[in-house]
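So the structure is just underneath, and the comments pick up after that.
We count ligands from 1, going down the list as the structure has it; atoms in each ligand are counted the same way.
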Amino acid sequence: MRPFSQFSLVFPFLCFLSSASAEPQADINVLVSSGRHYSCKCYPGDRCWPSTSKWATLNATVSRKLKKVIPDGAVCYDSFKGISTFNATACAEVNQNYFGEQWTTDRDVTNLWIYWTNNTCLPPVAGNTSATCTLGYYPELVIRAMTKQDIKASIDFARENNVRLVIRNTGHDFMGRSTGFGSLAVNTHSFKDVEFIKKYTGPGGWKGGAVKVGAGIQGRELLRLAYQQNPRVAIVTGECPTVGFAGGYIQGGGHGPLATLHGLAADQALSFEVVTADGVFRTANAKENPDLFWALRGGGPSTFAAIVSVTVKTFPETPSAGAIFRINATHTNDTEIFWKGFRAFHNLANHYVDNGMFVYYELFSGSLNVQPFVGPNMDVAKLKQVLKPLIDQLDRDKVPYDIVYKDYPDFFSLYIDLFADEGAGANVLAGGRLVSKTDIAKNANGVVDAIRQSITASQGGIVGHIVGPGYGAPVVDNAVNPVWRDGASFSITLVILPLNASLAEKAEGQRLLTDEVDKPLRDASPHGAAYVNEGNLEEPNWQNAFWGTNYPRLSLLKKTWDPKGVFYARTTPGSEDWEVIDYGTRLCRRL
Ligand SMILES: Cc1cc2nc3c(=O)[nH]c(=O)nc-3n(C[C@H](O)[C@H](O)[C@H](O)COP(=O)(O)OP(=O)(O)OC[C@H]3O[C@@H](n4cnc5c(N)ncnc54)[C@H](O)[C@@H]3O)c2cc1C
Ligand SMILES: *[C@@H]1O[C@H](CO)[C@@H](O)[C@H](O)[C@H]1NC(C)=O
Ligand SMILES: *[C@@H]1O[C@H](CO)[C@@H](O)[C@H](O)[C@H]1NC(C)=O
Ligand SMILES: *[C@@H]1O[C@H](CO)[C@@H](O)[C@H](O)[C@H]1NC(C)=O
Ligand SMILES: *[C@@H]1O[C@H](CO)[C@@H](O)[C@H](O)[C@H]1NC(C)=O
Ligand SMILES: *[C@@H]1O[C@H](CO)[C@@H](O)[C@H](O)[C@H]1NC(C)=O
Ligand SMILES: *[C@@H]1O[C@H](CO)[C@@H](O)[C@H](O)[C@H]1NC(C)=O
Ligand SMILES: *[C@@H]1O[C@H](CO)[C@@H](O)[C@H](O)[C@H]1NC(C)=O
C-alpha cells in the first residue's frame, strides 16, 4: 500500500484521454498524471462538469438552497471571482468571531483548521496571507440541508454527475474531511431534532432510556437537553462542547468524559436513520441492515452513508467529583522535577481507568494542566482516595504542584464547570496515538519518555486523555478498533505551521509529524492503535492502526454499500483506491 500524500509533487500536466470523444459520460473522466492512470471526479472546466441547467434543476429540487460558495473571509477583500465583496461591518464581524468555535461550526463551510482550506481567504485577524481571496480547497457549491430529501438530492446529484460530495456538520475534522476542492457540500448542521425515549423497545435488547439525535446536534447542546429531562439523564459525548454528535464523532468511535464508564459513543448506538449512496432512505439497527449498522458504529466518517439521526442509550445522572491538577512555572522551572511529576501522573493511567475515570489534560514543555480529573459517581472523599497514589508519589519525588477538588450534584454541572470551548482557526497538522493498558503495564516509563521525545520534536504539546472504554462497557460487536477495549491513554499530537507555510514547508511538517512526533509514541506502544478522528493522515499502515482486525470486513462493506465511491474521506475504508492528485485538488480513483 502506498501512502498517498496530498502534497506529493505529482507532475501537474494533465492529459485528458477523453478529450477527443464527442460526449464524455459523466462517470468517465480518465486522465494520466505522472504516468499513472486515474478515473477522476468531474471538476469545473472539465467537459463532464454539470451544465448550468443541471445545477438549476438541483436548485429547484432542494427548494432553492443551492449556493455557490463564497468564503467567509471574502468580505475583507475587495473582490471574489470578480464580484466585489468588501464590507467593513461584515469583515469586523468575521474578525471578531474567527477564532471562536461556535461561530465557525454554524457556518456553511468554514473549517476549524485552515490548513485544509489551503489557508485561503483569511480575514486580517488570521493573517491575510493571500493577496486575493480564492476558493482554495473549499467546496464549489453548498446545500444547507433542512430535510432528508435535501440530503438525498445532494447524494443523487453527486452520484449521477460524478461530482465529489462532501458532508459537512461542524467542520471540526482535524484531518480536513469536511471540506474538499471542487466539491458539492451538503451541510447537515441544521438537523437539530432531539427526542428522548424513557424506555427503549426497538431491536437490540436494550430496555433502558434512549435518545434520538439529529445529525446537526453538538455535544453540550445534547447534554443540556438531557439535563432538562425528568429524571435527568447522562449521555456519552465528546469532551469538546462544540463537536458534533451524530456526524464524524460517532462514526469514528467517539470518546469522552463518560466513555470509561459506559464505552465509546459508537457503543451506545441502537439505530441509525441514513441515506445510503444509492439515494435510498434506510434504517440500520440490530434487525434492519445489521451489516450497515455494524459499519456505521466506528467504521469511519462519511464512508457508508449520510446520517440523518442516531438513537443512543441514555443513563441515569449521578453525583460526580472533579479535580484540577497543575504543575508549571509557578511551581518549578526544573525540567527534571517537572518530568518526574508528569511521570507520576501518567504512570497511573491504568489505575484511573480501573476506577472508571476520564482525565483530560494539556501538556507542554514545563506545563501540565490536568483539567479535569472526572470521577463519575464519586464524591471528593472517594476521588481523593483514588488519587492518593499520585499524591504520595509526588511527595516522595518532592514535586511541587497544585490540586483542587470539587463536588458536583451531577455530571452535567461538572461538565459545564470544568470543560470549555477550545479555539478555531489554527494552521495545524494533527496526529496521535492510543496507548493500551497492556502498554502501560509493560512499559509505562517508556511511554512517558516517548511523550517527552514527541513534544520535544514538535516544539509543541499534546492534548491528552486518560480513557478506557473497556472498563465498564458491555462488549459490543461493532466496527470500533478492538484495541479501544484495552485503551488507557490517548494523545493528540500537533505540529503547528506558520500561516504562510509553502508547500515544501507543509510537506516537511507532515514528515516531522510522522517520523519524529508520532514515531516515538508508536514505538513505545506496540499494543496500541491510532484513532481515525484524531490521527495522522499519513499514519503508516493506517488500515490496521485505525481498525485492527475489523478492517477486512469494513473494506468489503464499503464495496457493498458504496461501490461507486460517492462518499470519500481520507484514510477511511476503501479510500486506498483513491488519491487526491494535482496539489491537493482532484479526487481520482486509481486505475
Ligand atoms: C476541539 C476538538 C475537540 C474534540 N474532542 C473530541 C472528543 O472529545 N472525543 C472524540 O472522540 N473526538 C473529538 N474530536 C474529534 C471529532 O470526533 C472529529 O473532529 C469529528 O470528525 C467531528 O465530527 P463533526 O461531525 O462534528 O465534524 P465535521 O468536520 O463536520 O465532519 C467530520 C467528518 O464526518 C463526516 N460527517 C459529518 N456529518 C455527517 C453525516 N451526517 N453523515 C455522514 N458523515 C458525516 C464529514 O464528512 C467528515 O468526514 C475533537 C475535535 C476537535 C477539533
Ligand atoms: C438557487 O436559487 C436561488 C433562488 O433563486 C438563487 O439565489 C441561487 O443563486 C441559486 N443557486 C445557484 C447555484 O444558482
Ligand atoms: C488584508 O487584505 C485586505 C484585502 O486585500 C486589505 O484591505 C487589508 O488591509 C489587509 N489587512 C492587513 C492587516 O494586511
Ligand atoms: C454589510 O454587512 C452587514 C453586516 O453583515 C450587513 O448588515 C449589510 O447589509 C452589508 N452591506 C452590504 C452593502 O451588503
Ligand atoms: C494552494 O496554495 C498554494 C501555495 O500558496 C498555491 O500555489 C496553490 O495554487 C493553491 N491551490 C489552490 C487550489 O488554491
Ligand atoms: C500554573 O498553575 C497555577 C496553579 O494551579 C495556575 O494558577 C496558573 O494559571 C498556571 N499557569 C499556567 C501558565 O498554566
Ligand atoms: C520560573 O521562571 C519564571 C520566569 O523567569 C519565574 O517568573 C518563576 O517565578 C520561576 N518559578 C519558580 C518556581 O522559581
Ligand atoms: C512567511 O512569513 C515570514 C515572516 O513574515 C517570512 O520570513 C517567510 O519568508 C514567509 N514564508 C513564505 C514561504 O512566504
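Between Glu221 and Lys192 there is a salt bridge, since at least one side-chain N of the basic residue sits less than 4.0 Å from a carboxylate O of the acidic one. Taking the charged nitrogens against the carboxylate oxygens, Lys81 and Glu140 do have a contact shorter than 4.0 Å, which makes a salt bridge.
Checked against the 6.0 Å centroid criterion, the rings of Phe174 and Trp113 qualify as a close aromatic pair.
Relative ring orientation between Tyr249 and Phe245 is described as tilted, the plane-to-plane angle lying within the 30° to 60° band.
Here is the list of ligand 8 atoms found below 4.0 Å of a heavy atom in Glu505: 13 (C). Interface of Gly136 with ligand 5, defined as ligand atoms under 4.0 Å from a residue heavy atom, comprises 13 (C), 14 (O). Each of the following atoms of ligand 8 lies closer than 4.0 Å to a heavy atom of Asn500: 1 (C), 2 (O), 3 (C), 8 (C), 10 (C), 11 (N), 12 (C), 13 (C), 14 (O). Under a 4.0 Å criterion applied to the non-hydrogen atoms of Ala90, ligand 4 contributes the atoms 2 (O), 5 (O). Using a 4.0 Å cut-off to heavy atoms of Tyr137, the atoms of ligand 5 that qualify are 13 (C).
In this structure, Lys506 forms a cation-pi arrangement with Tyr115, its terminal cationic atom sitting closer than 6.0 Å to the ring centre and no more than 45° off the ring axis.
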Given salt bridge (Lys or Arg N to Asp or Glu O under 4.0 Å), test Arg452 with Asp449 step by step and report yes or no.
-> CA-CA 5 Å; Arg452 184 171 176 176; Asp449 294 342; over 6 Å; no

Test Arg586 against Asp46 for salt bridge (Lys or Arg N to Asp or Glu O under 4.0 Å), laying out the working first.
-> CA-CA 11 Å; Arg586 285 173 182 265; Asp46 291 355; 3.0 Å; yes

Which is it for Arg326 and Asn369 under the side chain to side chain contact (heavy atoms under 4.5 Å, CB included) test, yes or no, and what are the steps along the way?
-> CA-CA 5 Å; Arg326 292 195 179 110; Asn369 183 7; 2.9 Å; yes

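Counting heavy atoms under 4.0 Å from ligand 5, residue Tyr583 does not touch it at all.
Distance check for atom 2 (O) of ligand 4: a protein heavy atom is found below 4.0 Å. Checking atom 14 (O) of ligand 8 against the protein gives a heavy-atom contact under 4.0 Å.
Regarding atom 8 (C) of ligand 5, its nearest protein heavy-atom neighbour is Asn118 ND2, 3.7 Å. Looking only at protein heavy atoms, the nearest one to atom 11 (N) of ligand 4 is Asn87 ND2, 2.9 Å. In this structure, the protein non-hydrogen atom closest to atom 7 (O) of ligand 5 is Leu503 CD1, 5.0 Å. Here the protein heavy atom with the shortest distance to atom 4 (C) of ligand 4 is Glu93 OE2, 3.5 Å.
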